[in-house]
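Read the structure below first, then the notes.
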There are 4 protein chains.
Amino acid sequence: MTATKGPLVDANEHNLNGTDTSSDAREASATRPMRADAARNHEKILVAAEETFALEGVLVPIDAIAERAGVGIGTLYRHFPTKEALYEAIVMTRVTQLIDTARHFDHSADPGQALFEFLREFARQAAEKRDLFEALNQAGIDVKSQFSDLLGELMKAVDVLRERAVKRGAIKDDVSTTDILALISGSCNAAGHNGFDHDGLQRLIDIVIAGIREPAER
Amino acid sequence: MTATKGPLVDANEHNLNGTDTSSDAREASATRPMRADAARNHEKILVAAEETFALEGVLVPIDAIAERAGVGIGTLYRHFPTKEALYEAIVMTRVTQLIDTARHFDHSADPGQALFEFLREFARQAAEKRDLFEALNQAGIDVKSQFSDLLGELMKAVDVLRERAVKRGAIKDDVSTTDILALISGSCNAAGHNGFDHDGLQRLIDIVIAGIREPAER
Amino acid sequence: MTATKGPLVDANEHNLNGTDTSSDAREASATRPMRADAARNHEKILVAAEETFALEGVLVPIDAIAERAGVGIGTLYRHFPTKEALYEAIVMTRVTQLIDTARHFDHSADPGQALFEFLREFARQAAEKRDLFEALNQAGIDVKSQFSDLLGELMKAVDVLRERAVKRGAIKDDVSTTDILALISGSCNAAGHNGFDHDGLQRLIDIVIAGIREPAER
Amino acid sequence: MTATKGPLVDANEHNLNGTDTSSDAREASATRPMRADAARNHEKILVAAEETFALEGVLVPIDAIAERAGVGIGTLYRHFPTKEALYEAIVMTRVTQLIDTARHFDHSADPGQALFEFLREFARQAAEKRDLFEALNQAGIDVKSQFSDLLGELMKAVDVLRERAVKRGAIKDDVSTTDILALISGSCNAAGHNGFDHDGLQRLIDIVIAGIREPAER
DNA sequence: TATGAATGAGCATTCATTCAT
DNA sequence: TATGAATGAATGCTCATTCAT
């Protein structure tokens with residue numbers, strides 16, 4: 001992974017299926033490798049979409065994305081058959097990263113800290129792309145399909161962290177993973193809307209963490 | 001509690017400026033008295049808009065609101081010069097109710113409980129009209145203008161509750177009102193998107209409350 | 001039927017349902033009578049669509065029709081929810097007229113002449129709007145739905161004529177109504193494409209008539 | 001009968017100008033000899049276009065043809081500068097076959113039967129490729145240019161048959177070749193649109209034949 | 001030369017807002 | 001004043017054609 005390693009995603013990793021994102025799987029794909037310029041455009045589009053969605057919301061006309069990417073609309077549509085598809089691609093990338101992050105904390109020595117660190121990292125990532133997570137929560141575009149699979153996976157990954165933390169008595173046992181994720185993403189959202197900076201958001205997260213902590217543990 | 005009573009909004013409360021909204025204030029207004037039927041339409045529109053926005057989201061075509069209200073589009077536009085204006089009117093009504101609610105707890109004996117009860121009530125109201133608060137958080141429609149004044153007022157009212165709670169040592173002193181409101185509204189939002197029922201939302205709120213509590217106080 | 005009696009259709013008769021097209025049913029309709037200007041536009045659109053489709057084919061952009069009608073696109077869409085709907089409306093009007101024509105010959109004294117005259121009249125009508133019938137035959141737009149009902153009715157009406165003609169020995173008994181209609185509409189089509197004038201088309205029709213005549217009867 | 005044999009078209013016949021299409025003419029052409037693989041592609045495209053047009057109609061995106069042909073779009077465009085050109089090429093092939101067929105009947109002993117058999121064969125060929133002839137009749141694509149020369153040639157070839165039939169008193173003398181072709185192609189068209197099978201179409205053709213026959217001759 | 005990626009004009013349709021009745 | 005018809009800019013998307021690889 002050299003040349004294509006861009007800000008967010010690289011072209012070949014587009015159809016992530018949640019499994020095996022290992023670095024060299026790419027070459028073995030049945031589809032041919034994608035021409036260099038096409039790959040470049042693919043990424044330009046992804047980057048532009050990310051920025052544009054984040055800046056203007058999901059409702060932004062797709063032309064704006066094409067323009068920002070410096071490609072024609074046709075090109076954009078060649079890479080993503082639908083506005084929704086483009087949107088999904090971005091969100092899925094984001095969620096995939098989150099899953100990776102969660103798994104990264106799996107074997108940490110201190111389960112409590114592992115969970116808390118993960119939540120902070122979650123917020124950090126979401127903050128960078130804040131309005132995207134906002135959009136994620138909206139019905140304007142139907143983000144169900146394959147996406148929910150990925151979301152399920154995220155849930156599972158986080159649940160592992162949560163269970164370990166519960167076992168160690170680090171957090172209350174009556175707080176579900178869904179609750180946690182709802183609070184964190186809600187916080188990210190709110191932070192985004194209210195112009196919170198990074199520290200502000202982390203303050204929110206800390207409150208949430210304090211809220212789920214096992215009182216005894218303090 | 002006056003805030004939760006009544007159909008949804010009543011016409012009187014529409015052009016609230018934070019002061020007296022007694023029933024006959026309308027007649028005394030500097031602006032023309034507004035004929036009885038006009039007043040009736042005004043209210044019908046408000047009610048319909050509320051329901052429709054809540055049901056269908058902000059993106060719903062304005063015609064749908066007119067239809068639900070049983071008035072022509074022209075009439076709707078006579079009362080609200082803009083879709084945005086109508087939307088603002090509704091949100092402002094809602095916020096006004098919230099301000100009332102906050103003030104209602106002002107003189108409660110137990111400042112800690114007062115704040116917590118207020119937050120729960122906040123969530124309750126927001127849950128009922130969840131999609132509205134969701135929309136509130138969006139950039140799709142610009143809800144700034146006059147609205148921010150009202151929001152400032154809400155902030156002040158809540159801040160009163162917070163300060164009293166801090167003074168009594170009920171909550172941490174490093175949590176700002178903005179933080180609190182962000183967390184609560186973020187929770188409401190998240191709850192709305194994830195299909196949480198009333199109890200689910202209250203569980204979230206309880207976590208937030210636990211998070212802002214002064215540890216010693218438990 | 002005074003003011004609205006235009007070239008082709010009048011506004012109120014739009015949603016023909018194949019039954020009772022009697023002249024005064026209109027006033028009794030549940031829907032209100034349609035404002036004068038709206039009715040005028042409705043007809044202008046219908047006329048323009050007719051001309052435009054005939055001139056340019058079904059593929060013509062709908063804007064062209066709106067422009068020719070002298071109305072905004074929005075207006076066109078207010079009257080017909082879909083390009084297809086507009087197209088159907090026109091064709092259905094045409095077919096309805098044909099059905100009327102067929103029924104008109106029902107009780108004619110000479111069944112053979114009745115059928116033949118009807119076929120000539122069919123061709124005459126189709127020739128006036130020739131390219132429409134061409135379009136009618138195309139798959140570009142799906143003209144199935146309610147339309148086929150009407151087509152079935154036309155079939156029935158023509159079949160009455162055909163059966164009477166067969167009984168009198170005026171035409172061969174092994175020629176179906178479908179065959180006849182196919183030949184006539186095929187002729188109209190071909191005439192249209194090849195720049196045949198009215199007489200040219202009638203020459204074609206006469207050949208077809210000769211072809212279905214009972215040899216003995218000559 | 002050479003016209004109906006072979007896959008569909010063969011590359012040789014493409015740039016027919018009404019003369020010698022013997023197999024090695026290609027090499028002798030004034031234009032560059034065309035490399036073997038290029039010739040192969042040329043034919044693949046023609047075959048694919050024929051099938052695709054017949055299957056999907058003229059509106060089919062040109063990419064579909066390239067795909068079916070197993071070549072890139074660029075290649076397709078190298079061989080045919082325009083969608084229209086490709087379409088014309090196919091129709092011309094078809095018409096050329098028809099001309100061959102007509103000439104084949106030139107010296108038949110019974111001129112009446114010769115004409116009738118030709119018409120039946122015409123219908124047979126058109127039925128096989130029905131959507132093509134349908135398309136032929138449309139204004140969507142302008143099939144005039146060089147094409148009309150070929151059509152003129154067809155006219156002449158059929159006129160020979162007609163004149164001989166007239167001389168023998170087999171058909172009426174007031175029926176023009178244009179009339180005949182219009183009726184036949186109109187019938188093919190109508191048959192195509194109405195789901196007639198081969199027999200159904202032949203029934204139509206027989207009616208037309210009966211219509212142009214000299215009454216006495218029966 | 002073959003390929004298929006890039007392009008962008010063009011199309012059907014929606015919806016906030018204005019205006020004639 | 002109430003009505004709803006008229007308006008047209010804006011949007012997502014397609015597809016013939018061009019051009020870099």
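Here is the naming used below: chain letters follow the sequence lines, and residue numbers restart at 1 for every chain. Side chains included, hydrogens not; waters and symmetry mates left out as well; all remaining heavy atoms used.
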Which nucleotide in E:dA16, E:dA12, F:dA2 has an atom nearest any side-chain atom of C:Lys83: E:dA12
Between NE2 on residue B:His79 and CG on residue B:Asn41, distance to nearest 0.5 Å: 5.0 Å
Donor-acceptor under 3.5 Å (C:Thr75 side chain, C:Val71 main chain): no
B:Phe80/B:His42 under side-chain contact (heavy atoms from CB on, under 4.5 Å): CA gap, chis, key distance, verdict: CA-CA 9 Å; B:Phe80 302 91; B:His42 194 94; 3.7 Å; yes
Length of the NZ-C1' vector between A:Lys44 and E:dA6, whole Å: 10 Å
Euclidean distance, atom CD of residue C:Glu84 to atom C1' of E:dA12 [Å, nearest integer]: 12 Å
Donor-acceptor contact present, side-chain A:Lys44 to main-chain A:Arg68, <3.5 Å: no
Per B:Thr82 side chain, nearest of listed nucleotides F:dG12, F:dT17, E:dT17: E:dT17
From CD (D:Glu51) to CD1 (D:Ile90), nearest 0.5 Å: 9.5 Å
Selection: residues 68-77 of chain D, any non-hydrogen atom under 4.0 Å of DNA chain F: D:Ile73, D:Tyr77
Whole angstrom value for the distance that separates P of F:dG12 from CG of B:Leu59: 12 Å
Pair assignment for DNA chain F - dot-bracket with | for other-strand partners, Watson-Crick or G-U under 3.5 Å: .||||||||||||||||||||
Closest nucleotide among E:dT1, E:dA12, F:dG12 to the C:Pro61 side chain: E:dA12
Which atom of B:Ile45 lies closest to which atom of B:Ala69, heavy atoms considered: CA-CB, 3.9 Å
Parallel, tilted or perpendicular: ring planes of A:Tyr87 versus A:Phe53, cut at 30 and 60 degrees: perpendicular
Residue mapping more 5' on DNA chain E - nearest nucleotide basis, D:Asn41 or C:Ile62: D:Asn41
Whole angstrom value for the distance that separates P of E:dG4 from CD1 of D:Ile65: 16 Å
D:His42 NE2 - E:dT1 P separation (whole Å): 15 Å
For atom CZ of B:Arg78 and atom P of E:dA20, their distance in whole Å: 15 Å
Value in whole Å for how far the C1' atom of F:dT21 lies from CZ of A:Arg40: 11 Å
Min side-chain heavy-atom separation A:Leu46-A:Leu86 under 4.5 Å: yes
Rounded distance in Å - CD (B:Glu67) to P (E:dA16): 14 Å
Qualifying residue for side chain to side chain contact (heavy atoms under 4.5 Å, CB included) with C:Lys83, from C:Ile62, C:Leu76, C:Ile65: C:Ile62
Phosphate OP1/OP2 of F:dT1: any B:His79 side-chain N/O under 4.0 Å: no
Residue closer to the 5' end of DNA chain F, D:Asp63 versus B:Asp63 (nearest nucleotide): B:Asp63
